[in-house]
Amino acid sequence: MGNLLSIVAHVANIHDTKSGIRCARQAHQRNSTIQKFCADAGYRGTFIAEVEDELGLDVDISEKIKPHQWEKLPWRWVVERTFGWMNHSRRLSKDYEISISSEETMVKISHFHTLLKRL
């Protein structure tokens, strides 16, 4: 459905694979029925190892898109569509926030707005 299960904002000098485990841990604590995580090729290595060690779950890495070919990769479109929904929020178009907690809150407010419009 593309609903957000967890949000972790961080400073730019932390690689996504390092903070990705924080997000996965938080999502799994809140939703213990999660059986598997999906990620793109940038999350190979550290992220996969930490998710398997800490949470005992598999990570499905999506394939890279072949050059000059368009194809719909399974589940990737759900993530891209959710990011597209957030692009409608002017407040998220630039980094206006001073604190990380306010950034996370603005992402949640944007997503709540999207959900309410769909009721």
Side-chain angles (χ1 to χ4, degrees):
M1 291 176 55
N3 295 329
L4 299 178
L5 300 178
S6 178
I7 299 165
V8 174
H10 57 85
V11 294
N13 65 352
I14 297 175
H15 196 271
D16 289 345
T17 57
K18 298 288 184 186
S19 65
I21 186 63
R22 288 177 39 208
C23 190
R25 191 182 308 121
Q26 192 178 80
H28 190 257
Q29 286 172 351
R30 292 181 182 166
N31 306 285
S32 59
T33 59
I34 292 175
Q35 298 175 357
K36 189 180 220 181
F37 286 97
C38 298
D40 65 14
Y43 287 88
R44 288 183 312 246
T46 308
F47 179 74
I48 294 174
E50 289 188 21
V51 167
E52 288 176 351
D53 290 346
E54 287 187 34
L55 305 176
L57 298 174
D58 290 332
V59 178
D60 183 25
I61 301 293
S62 63
E63 300 171 12
K64 290 192 175 203
I65 298 173
K66 297 173 185 118
H68 308 294
Q69 272 188 323
W70 187 92
E71 64 179 289
K72 180 178 151 187
L73 297 176
W75 296 107
R76 181 179 253 177
W77 69 271
V78 175
V79 175
E80 299 300 331
R81 180 196 63 196
T82 303
F83 288 151
W85 289 343
M86 289 191 295
N87 284 338
H88 294 294
S89 297
R90 185 177 112 359
R91 185 82 180 255
L92 298 177
S93 67
K94 301 279 187 268
D95 192 15
Y96 295 117
E97 309 305 321
I98 294 173
S99 70
I100 290 174
S101 62
S102 65
E103 178 69 28
E104 291 175 353
T105 302
M106 290 311 300
V107 171
K108 290 176 187 175
I109 289 171
S110 171
H111 193 66
F112 293 155
H113 183 261
T114 300
L115 292 176
L116 288 172
K117 285 192 313 188
R118 286 170 175 30
L119 285 179

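If you're wondering where the values come from, they're calculated on a predicted model, not measured in any experiment.
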(request) Please round to the nearest 0.5 Å and tell me the distance separating atom NZ of K108 and atom CD of E103. (result) 12.0 Å
(request) Output the distance between atom OG (S101) and atom CD1 (I7), rounded to the nearest 0.5 Å. (result) 12.0 Å
(request) Answer with yes or no whether the side chains of S99 and S102 bring together a donor and an acceptor at under 3.5 Å. (result) yes
(request) State the CD-CZ distance between E50 and R25, to the nearest 0.5 angstrom. (result) 7.5 Å
(message) So does S110 get a backbone contact from the side chain of T114, meaning a donor-acceptor N/O pair under 3.5 Å?
(response) yes
(request) Enter the distance from H10:NE2 to K18:NZ here, rounded to the nearest 0.5 Å. (result) 12.5 Å
(message) So L55 and F37, do their side chains get closer than 4.5 Å, heavy atoms only?
(response) yes
(message) Is there a path of hydrophobic side-chain contacts, each under 4.5 Å between heavy atoms, that joins V107 and F112?
(response) no
(message) List the residues meeting side chain to side chain donor-acceptor pair (under 3.5 Å) with E52, not counting sequence neighbours, and say none if there are none.
(response) none
(message) Enumerate the ring pair (Phe, Tyr, Trp, His ring centres under 6.0 Å) contacts for residues 40-59, please, sequence neighbours excluded, ordered by first and then second residue.
(response) Y43-F47
(request) Report yes or no: do I34 and V51 belong to one cluster of Ile/Leu/Val/Met/Phe/Trp/Tyr joined by side chain heavy-atom distances under 4.5 Å? (result) yes
(request) Starting at OG of S6, measure out to NE2 of H28 and round the result to the nearest 0.5 Å. (result) 12.5 Å
(message) Are I109 and L4 linked, directly or through intermediate hydrophobic residues, by side-chain heavy-atom contacts shorter than 4.5 Å (ILVMFWY only)?
(response) yes
(message) Do I61 and D40 make a side-chain contact, defined as non-hydrogen atoms from C-beta onward lying under 4.5 Å apart?
(response) no
(message) Less than 4.5 Å apart, side chain to side chain, heavy atoms only: is that true for K36 and V59?
(response) no
(message) Can you tell me how far apart CD (Q26) and CG (L5) are? Round to the nearest 0.5 Å.
(response) 10.5 Å
